[in-house]
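Pasting a structure below so you can have a look.
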Amino acid sequence: FDPARVELAIVTNGTLFSDAIVRFVSDHGIRFGISCDGPAHVHDRFRKTRDGSGSAWLVDRTIRLALASLDTVLVNAVYRPETLPSLPETVDYLSELGVRHIYLNADYSAAWSSDDLAAIPDCYRQVADRYVRYYLAGEPRFISLIDSKITVILREGYAPAERCRMGKGEMAFTPDGSIYPCERLVGADNHRHCIGHVDTGISLDRFACHLAPGPIKNRPCLTCKIRDYCMHWCGCSNYFATGYYNRVNEFICKSEKAAIQVAFEAFQELEQKAPYQFFDHISGRPQWNAVTSPQHI
């Protein structure tokens, strides 16, 4: 394959790490990611080893070793209603370890209560405050929750090619040849999302069975003023939240609105205090700022 056009990445639970792994990912130009939900009291709530004990100490060790031996280490932190209040602490923890690429991803399938939804804006704002502080200190971190929305704001919305095209312009293939509309749905719900096979083709009926009835997709979104900046169109996130590819729920709406708002506020503050920071966001590569110091951009 052409390495200039294809990017390979692997995400691991971080419980195993070795010199052989370092050599392999380095020799093949593979981006290395680790799942870590935060410090031990956060991470161990949902990520345990087979004997039921916490895995945080293993993951912490792997992150430290990976940072010492690889050029780029990505960390994926999943947050749920129980761990949402600790999200700013998780950003602090990962940053103190030296992680510069922090991906914050919600568990869309969790039971988000009205109290949880009410806490989202303040929690996201605390993350944005840290984002600004890192920039002003000359130690920028890529934080997906903020950077992704700054990119969209600067580009005045998601481009058509960036929006979900699951089952049409986007598909996932398993080693046995099965076809799925998105890689996040591979194997989910006992393989109910499989829409075909490379030997037999695609069955659109299998895709349609996961669409909510009615002619209008996400009706409440049609009149929303920030719909162009929102990921209401993400089919797999919608499914995990509502059971349908084409229906959002209150959590997605609240989360997207809060993320857009705090990202805009962070952008405004940095434009005033440290201008000329976001050329990489316009190009769609905000991760670069976490590699290159702002003084050299």
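None of these values were measured; they are calculated from a predicted model.
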> Can you check whether Arg133 reaches Leu136 side chain to side chain, under 4.5 Å on heavy atoms?
Replying inline: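 The answer is no; the side chains never approach within 4.5 Å.
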>> Just verifying a value: how many Å separate Cys230 SG and Ile252 CD1, rounded to the nearest 0.5 Å?
In response: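 Answer rounded to 0.5 Å: 8.0 Å.
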>> Can you tell me which residue among Tyr135, Tyr131, Tyr103, Tyr134 is in a ring pair (Phe, Tyr, Trp, His ring centres under 6.0 Å) with Phe142?
In response: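 Considering Tyr135, Tyr131, Tyr103, Tyr134, a ring pair (Phe, Tyr, Trp, His ring centres under 6.0 Å) with Phe142 is found only for Tyr103.
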> Aromatic rings Tyr245 and His193: how do their planes relate, parallel, tilted or perpendicular, breaks at 30° and 60°?
Replying inline: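 Rings of Tyr245 and His193: tilted, as their planes differ by 30° to 60°.
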> Is it true that Val42 and Leu104 fall in one hydrophobic cluster, defined by side-chain heavy atoms closer than 4.5 Å?
Replying inline: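 Shared cluster, no.
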> Around atom CZ of Arg219, are there more than 12 heavy atoms of other residues, nucleotides or ligands at under 6.0 Å?
Replying inline: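 Open.
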> Would a hydrophobic clustering, with Ile, Leu, Val, Met, Phe, Trp and Tyr connected at side-chain separations under 4.5 Å, put Ile30 with Val99?
Replying inline: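 Ile30 and Val99: one cluster.
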>> Hydrophobic clustering (ILVMFWY, side-chain heavy atoms < 4.5 Å, transitive) - are Ile146 and Leu154 grouped together?
In response: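 Linked within one cluster.
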> Any idea which heavy atoms bring Ala111 and Pro81 closest together, and the distance?
Replying inline: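 Here Ala111 and Pro81 meet closest at O-CG, 3.6 Å.
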> Atom CG in Asp92, atom CD in Gln126: separation rounded to 0.5 Å?
Replying inline: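 Here the rounded value is 9.5 Å.
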> Given Leu94 and Cys36, is the side chain to side chain contact (heavy atoms under 4.5 Å, CB included) satisfied, shown in steps?
Replying inline: CA-CA 9 Å; Leu94 295 175; Cys36 176; 4.1 Å; yes
> Which residues, ordered by chain and number, are linked to Val186 in its hydrophobic cluster, where ILVMFWY side chains connect at heavy-atom gaps below 4.5 Å, directly or through other members?
Replying inline: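 When side chains under 4.5 Å apart are linked, the cluster holding Val186 also contains Tyr180.
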> So, the side chain of Thr242 versus the backbone of Val248: is there a donor-acceptor pair under 3.5 Å, distance only?
Replying inline: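 No.
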> CG of Asp189: more than 12 outside heavy atoms within 6.0 angstrom?
Replying inline: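 Counting neighbours around CG of Asp189, more than 12 heavy atoms of other residues, nucleotides or ligands fall under 6.0 Å, so yes.
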> Would you say the side chain of Glu269 lies within less than 4.5 Å of the side chain of Val132, judging by non-hydrogen atoms?
Replying inline: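 When only atoms from C-beta onward are counted, Glu269 and Val132 do touch, with a gap below 4.5 Å.
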>> Less than 4.5 Å apart, side chain to side chain, heavy atoms only: is that true for Arg100 and Pro140?
In response: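 Arg100 vs Pro140: side chains touch.
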> Do Leu87 and Ile120 belong together in a cluster built from hydrophobic side chains that touch within less than 4.5 Å?
Replying inline: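 Yes, same cluster.
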> Could you state the interatomic distance from CG (Leu16) to CD1 (Ile21), rounded to the nearest 0.5 Å?
Replying inline: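 Rounded to the nearest 0.5 Å, the CG-CD1 separation comes out at 6.5 Å.
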> Within the distance-only criterion (no hydrogens, no angle test), does the side chain of Arg31 pair as donor or acceptor with the backbone N or O of Leu8 below 3.5 angstrom?
Replying inline: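 No, the answer is negative, given that no donor and acceptor are paired below the 3.5 Å cut-off.
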>> Tell me if the OH atom of Tyr158 is crowded by more than 12 foreign heavy atoms within 6.0 Å.
In response: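 Counting neighbours around OH of Tyr158, more than 12 heavy atoms of other residues, nucleotides or ligands fall under 6.0 Å, so yes.
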> Could you state the interatomic distance from CD1 (Ile150) to CD1 (Ile260), rounded to the nearest 0.5 Å?
Replying inline: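 Reported to 0.5 Å precision, the distance equals 12.5 Å.
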> How far apart are the C-alpha atoms of Arg184 and Ser237, what are their side-chain angles, what is the distance that settles it, and do they pass the side chain to side chain donor-acceptor pair (under 3.5 Å) test?
Replying inline: CA-CA 9 Å; Arg184 290 172 63 190; Ser237 295; 3.0 Å; yes
> With distance as the sole test, does Lys149 use its side chain to make a donor-acceptor pair with the main-chain N or O of Tyr229 at under 3.5 Å?
Replying inline: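 Judged by distance alone, yes, a pair lies under 3.5 Å.
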> Phe17: what forms a ring pair (Phe, Tyr, Trp, His ring centres under 6.0 Å) with it, not counting sequence neighbours?
Replying inline: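 Phe17: ring pair (Phe, Tyr, Trp, His ring centres under 6.0 Å) contacts with Phe32.
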Result block: side-chain N/O donor-acceptor pairs under 3.5 angstrom for residues 196-214, not counting sequence neighbours:
| from | atom 1 | to | atom 2 | distance (Å) |
| --- | --- | --- | --- | --- |
| His197 | ND1 | Asp199 | N | 3.0 |
| His197 | NE2 | Asp176 | O | 2.7 |
| His210 | NE2 | Arg192 | O | 3.2 |

> Does atom NZ of Lys48 have more than 12 heavy-atom neighbours, drawn from other residues, nucleotides or ligands, at distances under 6.0 Å?
Replying inline: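 Enclosed: over 12 neighbouring heavy atoms sit under 6.0 Å from NZ of Lys48.
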> Among Asp60, Leu65, Leu67, whose side chain to side chain contact (heavy atoms under 4.5 Å, CB included) with Ile63 holds?
Replying inline: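 The side chain to side chain contact (heavy atoms under 4.5 Å, CB included) with Ile63 is passed solely by Leu67 among Asp60, Leu65, Leu67.
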> What do the steps show when you test Val127 against Ile143 for side chain to side chain contact (heavy atoms under 4.5 Å, CB included), and what is the final call?
Replying inline: CA-CA 9 Å; Val127 172; Ile143 302 178; 3.9 Å; yes
> Does the pair Thr83 and Phe46 meet the rule for a side chain to side chain contact (heavy atoms under 4.5 Å, CB included), with working shown?
Replying inline: CA-CA 10 Å; Thr83 59; Phe46 296 99; 4.1 Å; yes
>> With side chain to side chain donor-acceptor pair (under 3.5 Å) as the criterion, how do Ser53 and Thr49 come out once you've worked through the C-alpha distance, each side chain's angles and the decisive distance to 0.1 Å?
In response: CA-CA 5 Å; Ser53 60; Thr49 59; 2.7 Å; yes
> Trp233 versus Cys221: any side-chain heavy-atom pair under 4.5 Å?
Replying inline: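 No. Closest side-chain heavy atoms not under 4.5 Å.
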> Around Glu250, counting heavy atoms of other residues, nucleotides and ligands shown, do more than 12 lie under 6.0 Å from its CD?
Replying inline: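 12 or below, so no.
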> Is there a side-chain contact between Asn246 and Asn238 (heavy atoms, below 4.5 Å)?
Replying inline: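 Sidechains of Asn238 and Asn246: no contact.
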> Mind checking whether Arg47 and Ser35 have side chains closer than 4.5 Å, heavy atoms only?
Replying inline: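 Yes. Closest side-chain heavy atoms under 4.5 Å.
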> Does His41 offer a backbone N or O that forms a donor-acceptor pair with the side chain of Arg45 under 3.5 Å?
Replying inline: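 Not a single qualifying donor-acceptor pair exists.
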> Can Arg141 and Glu139 be counted as an ion pair, charged N to O under 4.0 angstrom?
Replying inline: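 Yes, Arg141 and Glu139 are salt-bridged.
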>> Within the structure provided, determine whether His101 and Thr72 are in side-chain contact (heavy-atom separation under 4.5 Å).
In response: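 His101 reaches Thr72 side chain to side chain.
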>> Quick check for you: to the nearest 0.5 Å, what is the distance between Cys236 atom SG and Glu183 atom CD?
In response: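 Going from SG on Cys236 over to CD on Glu183, the span is 7.0 Å.
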> Do Ser55 and His43 get their side chains close enough for a donor-acceptor pair, meaning under 3.5 Å?
Replying inline: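 Their side chains do contain a donor-acceptor pair, which is all the 3.5 Å distance test asks for.
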>> Hydrophobic clustering (ILVMFWY, side-chain heavy atoms < 4.5 Å, transitive) - are Val59 and Leu70 grouped together?
In response: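 Looking at the clustering, Val59 is in the same group as Leu70.
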> Got a sec, which residues hit salt bridge (charged side-chain N to carboxylate O under 4.0 Å, His left out) with Arg125, two or more places apart in sequence or on another chain?
Replying inline: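 Here the qualifying residues are Glu265.
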> With no hydrogens and no angle check, is any side-chain donor or acceptor of Glu256 less than 3.5 Å from a backbone partner on Met231?
Replying inline: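 It does hold such a pair.
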> Is the backbone N or O of Val78 less than 3.5 Å from a side-chain atom of Asp37, with the two atoms forming a donor-acceptor pair by type?
Replying inline: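 Pair found, side chain donor or acceptor close to backbone of Val78.
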>> Can you confirm whether Tyr79 sits close enough to Cys123 that some side-chain heavy atom of one is under 4.5 Å from a side-chain heavy atom of the other?
In response: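 No, their side chains stay 4.5 Å or more apart.
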> Would you say Ser178's side chain and Thr174's backbone share a donor-acceptor pair under 3.5 angstrom?
Replying inline: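 Judged by distance alone, no pair lies under 3.5 Å.
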> Okay, side chain of His28, backbone of Phe24: is any donor-acceptor separation there less than 3.5 Å?
Replying inline: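 Pair found, side chain donor or acceptor close to backbone of Phe24.
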> Between atom CD1 of Ile102 and atom CZ of Arg130, what is the distance when rounded to the nearest 0.5 Å?
Replying inline: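 Between Ile102 CD1 and Arg130 CZ, I get 11.0 Å after rounding to 0.5 Å.
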> When you measure from the side chain of Arg165 to the backbone N and O of Glu170, does any donor-acceptor pair fall under 3.5 Å?
Replying inline: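 Looks like no, no N/O pair under 3.5 Å.
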> With no hydrogens and no angle check, is any side-chain donor or acceptor of Ser95 less than 3.5 Å from a backbone partner on Val91?
Replying inline: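 No; zero donor-acceptor contacts below 3.5 Å.
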>> Among residues at least two apart in sequence or on other chains, which ones pass ring pair (Phe, Tyr, Trp, His ring centres under 6.0 Å) with Phe264?
In response: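 Partners of Phe264 under the ring pair (Phe, Tyr, Trp, His ring centres under 6.0 Å) test: none.
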> Please, which pairs that meet side chain to side chain donor-acceptor pair (under 3.5 Å) have at least one residue in residues 105-116, sequence neighbours excluded?
Replying inline: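 Only Asn76-Asn105, Arg80-Asp107, Asp107-Ser109, Ser113-Asp116 qualify under side chain to side chain donor-acceptor pair (under 3.5 Å).
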> Under the side chain to side chain contact (heavy atoms under 4.5 Å, CB included) criterion, do Arg227 and Asn218 qualify, and how do the steps go?
Replying inline: CA-CA 11 Å; Arg227 66 187 306 270; Asn218 296 333; over 6 Å; no
